[in-house]
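This one's a predicted model, so the numbers in the text were calculated from it and none came from an experiment. Per chain, numbering begins at 1; letters A, B, ... match sequence-line order.
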Amino acid sequence: MRIKIINKKIAMLAGLVICVSHPMQVMAVMKWQPAPMKHKPGMNHSRMAAKSFQLTEHHGAKVFFWKPNLKSKLLPLDGDQVKVKSTGMDNYHALVAKRRTTDMTEVAIRYPYMRGKPSGFSPSTLTGGVKASYEIMPSPLPREHRRYHAARDAVFVVRHEGQPVPKIAVTLTTANGTTLNEISDRNGAVRFTFPDDFAETKPGRRNNKPAEFVVFSEYSDKDHHYKTSFSDKYHVDPRHWKSTQLGVVVLAFGFISGLVITRRSRKNSNETKGRKS
Amino acid sequence: MPFWKNLSVIRKIIQVASFLMLVYGSVIIGTYAADKISQALPALSCAYDTKTGDYCTLIPFQHQMDHRIGMAIKAGTNVMKALVPFFVTFMTFILMFVVLNKAFCGWICPLGFFQEMLTIIGKKIGLQQRESLPEEKVKKVRPIKWAMLGLLVFGFPLLTGLGFLDESGGSPFCSICPSRIMTTLMTGDVSQLYVDTSSTGYMILSIIADFLFGLMLALGLTMRQPFCRICPMLALHAVFRKVGLVRLVKNAKPRCEKCGLCAKACPMDIKEIHTDMENKDVLFPDCTLCGRCVEFCPDKDVLMMKYTVFPIFKADPAYFKQRKKAQTKWEKANLLSWWKSRKAVAASSGDNS
């Protein structure tokens with residue numbers, strides 16, 4: 001028990017040292033990212049089409065594709081890329097890359113959104129299912145009409161063999177160059193506020209490309225070392241072109257107009273009543 | 001009158017439960033449940049609310065008109081294939097709608113309930129209430145809901161898919177819907193109250209939305225159901241009201257001509273429920289099946305709510321008397337009258353001393 005606690009402390013310290021002193025090292029971990037687009041920009045791309053992902057640091061990795069019902073199959077890597085097709089079952093699927101040596105296990109997870117028909121399986125079944133010995137679970141994945149956004153919070157849970165790992169260092173690194181460090185709480189959860197680090201923003205969501213982020217953590221247990229990453233994209237904070245203050249002003253204007261209409265119609269009806277009597 | 005016998009109180013309890021389920025439901029049933037249950041609810045429950053338990057059918061209708069049907073026609077691909085998801089949504093909506101008919105408006109809709117709460121607040125503050133709108137105004141307002149349904153739910157999204165409008169026309173009803181602002185604010189999320197400056201279209205729609213919400217807040221304090229009167233969901237319900245299992249039936253009697261209490265009780269100002277002496281089926285397009293007309297009908301079995309052929313609530317003179325008494329008592333109890341009586345007591349005690 002004591003050894004376990006010491007191990008966890010060492011892991012936590014090691015993680016902290018790695019992410020504080022060598023932020024670029026985090027970028028060298030095995031992680032998923034969208035494969036470079038092959039079609040010409042502006043070409044109409046079907047939302048049901050297969051998606052390609054690239055695995056960095058892919059040598060010796062095995063890739064598994066998980067369906068929402070937790071059934072998985074081995075996918076062949078084409079160089080450093082895989083192509084995933086919609087299974088027709090629900091939306092979120094899991095892409096899990098694993099590499100194991102005698103003393104180290106590395107895992108990279110991503111949850112591609114593949115459009116399908118409802119099958120009765122919740123995304124929480126997929127995220128909650130144990131897909132690797134050490135993994136980062138998004139809690140929750142963004143649901144309909146939601147995305148990861150700059151300046152918004154997101155929670156991730158670090159798990160070892162399905163059990164939450166408390167007090168472990170977790171790093172969030174964005175493609176825009178920000179690194180954030182957090183320590184997991186007693187439930188293994190970390191909360192990050194996505195940095196508003198887009199160099200250039202244009203009005204409108206579709207006019208801004210999202211950027212990639214990676215959540216990374218490492219852990220040691222009984223002479224075995226674990227590294228895991230979760231990656232996805234995050235979008236520009238819509239508050240750059242959506243003003244709540246102006247919204248409140250317009251709402252107040254509408255409210256005052258309503259009061260004026262009420263007052264006028266009351267006056268008119270009183271006058272009508274007066275004329276009738 | 002005991003509350004369990006008062007239809008309005010029973011309705012309020014159901015409305016509160018529906019409101020909790022539709023605005024905060026995912027807290028109990030899970031984050032993703034709203035994306036799984038029906039996605040075609042015949043009531044204005046909003047998908048932009050991250051805690052919602054299920055969401056309104058108007059969202060998929062707009063998306064399908066834009067992304068599927070419009071785009072398929074534009075691209076010259078198989079339109080029948082694009083129509084499949086539309087029919088799935090439509091059939092889900094119909095299956096649910098048949099069970100409760102227009103009662104989805106009067107008993108389930110969170111925005112309908114919110115407006116009723118505004119009126120209650122207005123009454124309890126002591127604001128003078130408008131009993132009913134003049135007939136000519138009601139007649140002017142009624143066609144708006146059809147325009148909202150035709151243009152904002154089907155027309156503009158289709159034109160957007162066809163490429164005639166910019167992306168702001170993709171889901172224009174959601175962009176102006178007061179339920180989007182109300183339900184998100186209710187969960188402490190202010191992100192849906194905004195003016196969007198990204199394009200002219202989005203700016204106009206966001207200004208309309210905020211203005212409409214403010215207007216609804218003010219009007220709702222003194223007037224019953226201000227937004228419901230122009231709601232496209234009311235129009236959609238009106239189209240299919242004949243297939244619903246809940247019915248509103250009238251067995252007109254000569255006394256009806258002189259009475260008119262049913263029309264006065266109606267929150268949607270449907271005068272026809274009083275004046276129509278021929279039709280048995282009095283489920284008019286604007287009806288929300290709240291049942292108030294039946295409650296305030298003083299003649300036995302003249303008005304009744306039926307589930308298929310079985311009466312579930314009938315007009316009854318004894319109920320009417322008790323209900324009217326309870327209503328008078330309820331309306332008298334407000335802050336203004338309490339304040340006046342307090343002042344009167346203070347004045348009379350001052351005179352005595």
Side-chain angles (χ1 to χ4, degrees), chain A residues 44 46-47 68 90-92 115 117-127 139-146 149 151-152 202-208 237-263 265-266 268-270 272, chain B residues 26 29-39 46-50 52 55 59 67 71 75 85 88 122 127-128 130-131 133-134 137 166-168 174 180-181 190-199 202-203 206-223 226:
Chain A
N44 198 6
S46 167
R47 302 191 317 158
D90 282 304
N91 300 328
Y92 279 118
R115 287 173 194 278
K117 291 171 190 163
S119 67
F121 290 96
S122 167
S124 50
T125 309
L126 183 68
T127 54
S139 177
L141 277 167
R143 62 181 241 190
E144 188 86 352
H145 289 86
R146 294 279 149 173
H149 271 130
R152 298 248 176 93
K202 293 174 191 164
R205 181 174 63 83
R206 290 185 192 184
N207 298 325
N208 294 283
D237 181 4
R239 282 177 294 184
H240 286 288
W241 59 88
K242 285 181 179 178
S243 164
T244 300
Q245 287 91 333
L246 276 178
V248 173
V249 171
V250 178
L251 187 150
F253 186 63
F255 188 80
I256 293 163
S257 305
L259 294 181
V260 172
I261 292 169
T262 307
R263 205 185 149 95
S265 59
R266 192 176 293 156
N268 288 346
S269 69
N270 286 346
T272 320
Chain B
S26 76
I29 57 175
T31 313
Y32 308 104
D35 294 345
K36 302 278 168 186
I37 296 181
S38 80
Q39 306 181 14
C46 189
Y48 288 85
D49 163 17
T50 48
T52 184
Y55 56 76
I59 300 170
H67 300 313
M71 283 185 177
V88 169
L127 298 176
Q128 192 189 335
R130 294 208 67 170
E131 272 198 11
L133 284 183
K137 269 192 189 161
D166 71 8
E167 59 170 321
S168 64
C174 291
R180 177 176 56 83
I181 301 176
V190 294
S191 67
Q192 294 303 318
L193 177 64
Y194 57 77
V195 171
D196 188 334
T197 54
S198 62
S199 74
Y202 276 127
M203 191 192 282
S206 59
I207 289 173
I208 293 173
D210 301 334
F211 183 83
L212 200 60
F213 186 66
L215 195 71
M216 187 194 79
L217 287 180
L219 294 180
L221 291 170
T222 57
M223 181 184 155

Report summary line: The interface call for I261(A) against chain B, heavy-atom contacts under 4.5 Å, is side chain
Query - Residue list, side-chain contact (heavy atoms from CB on, under 4.5 Å) with L246(A), at least two apart or on another chain - result: S243(A), V195(B)
Query raised in the report: Can you tell me how far CG of L127(B) sits from CZ of R266(A), rounded to the nearest 0.5 angstrom?
Result: 7.0 Å
Query raised in the report: If you tally heavy-atom pairs under 4.5 Å against chain B, which of P238(A), S124(A), P203(A), G254(A) wins?
Result: G254(A)
**Report entry** Portion of I59(B) that has a non-hydrogen atom of chain A nearer than 4.5 angstrom
**Finding:** side chain
Query raised in the report: Would you say L141(A) and L126(A) make side-chain contact, with heavy atoms under 4.5 Å?
Result: no
**Report entry** When G204(A), S257(A), P140(A), P142(A) are compared by non-hydrogen pairs under 4.5 Å with chain B, the top option
**Finding:** P140(A)
Query raised in the report: Taking side chain as C-beta onward, heavy atoms only, is C46(B) less than 4.5 Å from Q192(B)?
Result: no
Query raised in the report: With a 4.5 angstrom heavy-atom cut-off, which part of R152(A) approaches chain B: side chain, backbone, both or neither?
Result: side chain
Report task. Check whether any side-chain heavy atom of M223(B) sits under 4.5 Å from a side-chain heavy atom of L133(B), and report yes or no. Result -> yes
**Report entry** Among T50(B), L219(B), V190(B), T222(B), residue most engaged with chain A (heavy-atom pairs, under 4.5 Å)
**Finding:** T50(B)
Query raised in the report: W241(A) versus N208(A): any side-chain heavy-atom pair under 4.5 Å?
Result: yes
**Report entry** Contacting region of I256(A) [heavy-atom separation from chain B under 4.5 Å]
**Finding:** neither
Query - L221(B) portion near chain A, given a 4.5 angstrom heavy-atom threshold - result: side chain
Query raised in the report: Between L193(B), T197(B), I181(B), which residue shows the highest count of heavy-atom pairs closer than 4.5 Å to chain A?
Result: L193(B)
Query raised in the report: What residues, two or more places apart in sequence or in another chain, satisfy side-chain hydrogen bond (donor to acceptor under 3.5 Å, both in side chains) together with D237(A)?
Result: R239(A)
